[in-house]
Amino acid sequence: MKITIVTVGKIKEKYLKDAIAEYGKRLSRYCKLEIVETADEKTPDGASELMEQQIRRKEGERIEKYLREDAYVIALAIDGKMLSSEEFSEKIGSLGVSGVSHIIFIIGGSIGLDEQILRRADYRLSFSKMTFPHQLMRVILLEQIYRAYRILNHEPYHK
């Protein structure tokens with residue numbers, strides 16, 4: 001299975017880069033992982049809803065370039081479906097069994113994803129009703145993908 005994470009913005013913090021590298025190394029025995037960073041737009045304080053829509057649209061256009069027709073696209077969205085780690089593992093496993101060989105996860109920027117990207121997604125996934133920094137979300141997603149593969153392979157993991 002190939003897993004691509006398309007994300008808005010770059011990681012600057014060393015501790016986050018280290019965690020991402022660690023999970024990338026761990027995942028290498030289960031899947032081919034690719035992380036694509038797209039440029040983020042600066043959002044001024046007090047930006048109007050129209051300005052935020054324009055920013056999401058620009059970021060969305062950058063994301064669209066990396067979406068493949070033959071891939072199953074999962075957008076991380078606060079209004080998405082919340083799954084347990086076991087359910088997430090089952091989702092990844094069932095996609096593989098049904099012939100999906102490429103999953104693309106999308107992590108938006110600080111003000112979320114463009115509506116067009118959300119419509120393009122095959123599935124919307126939420127990790128919580130809480131808001132997390134999009135940089136940290138990358139680490140959380142990688143950890144859960146790793147955990148999903150451990151569960152699928154009946155290997156021990158921390159509950």
Side-chain angles (χ1 to χ4, degrees), residues 1-12 16-43 52-128 131-153:
M1 174 80 70
K2 178 176 181 181
I3 293 187
T4 302
I5 298 174
V6 179
T7 182
V8 174
K10 296 202 178 299
I11 300 289
K12 297 173 186 83
L16 292 175
K17 286 180 180 180
D18 290 347
I20 290 163
E22 177 62 28
Y23 282 111
K25 186 173 76 174
R26 291 181 186 192
L27 278 166
S28 67
R29 37 183 304 226
Y30 302 107
C31 64
K32 183 180 183 326
L33 177 68
E34 173 187 34
I35 298 176
V36 176
E37 294 178 331
T38 64
D40 59 344
E41 293 289 317
K42 299 296 175 234
T43 305
E52 286 188 358
Q53 284 176 358
Q54 291 169 339
I55 289 168
R56 282 191 294 268
R57 183 70 218 128
K58 284 180 188 174
E59 291 175 347
E61 288 169 359
R62 293 182 191 123
I63 290 168
E64 277 180 312
K65 295 175 186 171
Y66 297 98
L67 302 184
R68 304 287 172 251
E69 285 302 315
D70 61 341
Y72 189 88
V73 176
I74 299 176
L76 273 60
I78 204 158
D79 67 344
K81 182 152 174 52
M82 283 192 255
L83 302 174
S84 68
S85 294
E86 292 80 9
E87 290 168 331
F88 183 59
S89 177
E90 288 172 21
K91 177 79 176 164
I92 289 176
S94 67
L95 287 171
V97 168
S98 69
V100 171
S101 61
H102 188 187
I103 301 172
I104 298 175
F105 289 92
I106 305 169
I107 302 173
S110 60
I111 58 171
L113 288 167
D114 182 56
E115 194 57 41
Q116 189 167 326
I117 296 295
L118 292 170
R119 281 194 301 271
R120 164 58 183 93
D122 298 298
Y123 193 83
R124 291 185 194 187
L125 177 66
S126 174
F127 279 83
S128 173
T131 302
F132 295 102
H134 58 284
Q135 300 91 337
L136 181 59
M137 204 57 235
R138 197 181 314 183
V139 176
I140 295 169
L141 175 60
L142 285 168
E143 190 281 333
Q144 285 298 305
I145 295 169
Y146 173 68
R147 184 179 296 261
Y149 276 108
R150 299 285 293 184
I151 293 168
L152 279 172
N153 287 285

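Values reported hereafter were calculated over all heavy atoms of this structure, with side chains retained and with hydrogens, waters and symmetry mates removed.
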(request) Calculate, to the nearest 0.5 Å, the distance between atoms CD1 and CD belonging to Ile151 and Glu87 respectively. (result) 10.5 Å
(request) First locate atom OG of Ser101, then atom CG of Leu95, and finally report the distance between them rounded to the nearest 0.5 Å. (result) 11.0 Å
(message) For residues 71-80, which residue pairs pass the side-chain hydrogen bond (donor to acceptor under 3.5 Å, both in side chains) check, not counting sequence neighbours?
(response) Tyr72-Lys91, Asp79-Arg124
(message) With heavy-atom distances below 4.5 Å as the criterion, would you say the side chains of Val139 and Ile20 are in contact?
(response) yes
(request) Spell out, as yes or no, whether a donor-acceptor pair under 3.5 Å connects the side chain of Thr38 to the backbone of Thr7. (result) yes
(message) Under the rule for ring pair (Phe, Tyr, Trp, His ring centres under 6.0 Å), what residues qualify as partners of Phe127, not counting sequence neighbours?
(response) none
(message) Give me the atom names and distance for the closest heavy-atom approach of Leu16 to Gln135.
(response) CD1-CB, 3.8 Å
(message) Side chains of Ile5 and Leu142, heavy atoms from C-beta outward: is any pair under 4.5 Å?
(response) yes
(message) Holding to side chain to side chain donor-acceptor pair (under 3.5 Å), I want the full list of residues that pass it with Asp70, two or more places apart in sequence or in another chain.
(response) none
Side-chain donor-acceptor pairs under 3.5 Å in residues 27-36, sequence neighbours left out?
residue : atom : partner : partner atom : Å
Ser28   : OG   : Lys25   : O            : 2.6
Arg29   : NH2  : Glu155  : OE2          : 3.4
Tyr30   : OH   : Arg150  : NH1          : 3.4
Tyr30   : OH   : Glu155  : OE1          : 2.3
Glu34   : OE1  : Lys2    : NZ           : 3.4
Glu34   : OE1  : Thr4    : OG1          : 3.1

(message) Surrounding OH of Tyr123 (heavy atoms of other residues, nucleotides or ligands, distance under 6.0 Å), is the total greater than 12?
(response) yes
(request) Identify the residue among Leu118, Ile78, Leu76 that makes a side-chain contact (heavy atoms from CB on, under 4.5 Å) with Leu113. (result) Leu118
(message) Is there a side-chain contact between Gln116 and Arg57 in this structure, where contact means two heavy atoms from C-beta onward sitting under 4.5 Å apart?
(response) yes
(message) Counting C-beta onward and ignoring hydrogens, is there a side-chain heavy-atom pair between Ile92 and Tyr149 closer than 4.5 Å?
(response) yes
(request) Using modelled atom types only, decide if a donor and an acceptor are shared between the side chain of Glu59 and the backbone of Glu41 within a distance under 3.5 Å. (result) yes
(message) Let me confirm one number: the CG-CD1 distance from Asp122 to Ile104, rounded to the nearest 0.5 Å.
(response) 9.5 Å
(request) Among residues two or more places apart or on two chains, list those pairs meeting salt bridge (Lys or Arg N to Asp or Glu O under 4.0 Å) that have a residue in residues 132-141. (result) Glu37-Arg138
(message) The criterion is side chain to side chain donor-acceptor pair (under 3.5 Å); which residues satisfy it with Ser126, sequence neighbours excluded?
(response) none
(message) Please report the interatomic distance CD1(Ile74) to NZ(Lys81), rounded to the nearest 0.5 Å.
(response) 13.0 Å
(message) Using side-chain heavy atoms (C-beta onward) and a distance below 4.5 Å, is Ile117 in contact with Val73?
(response) no
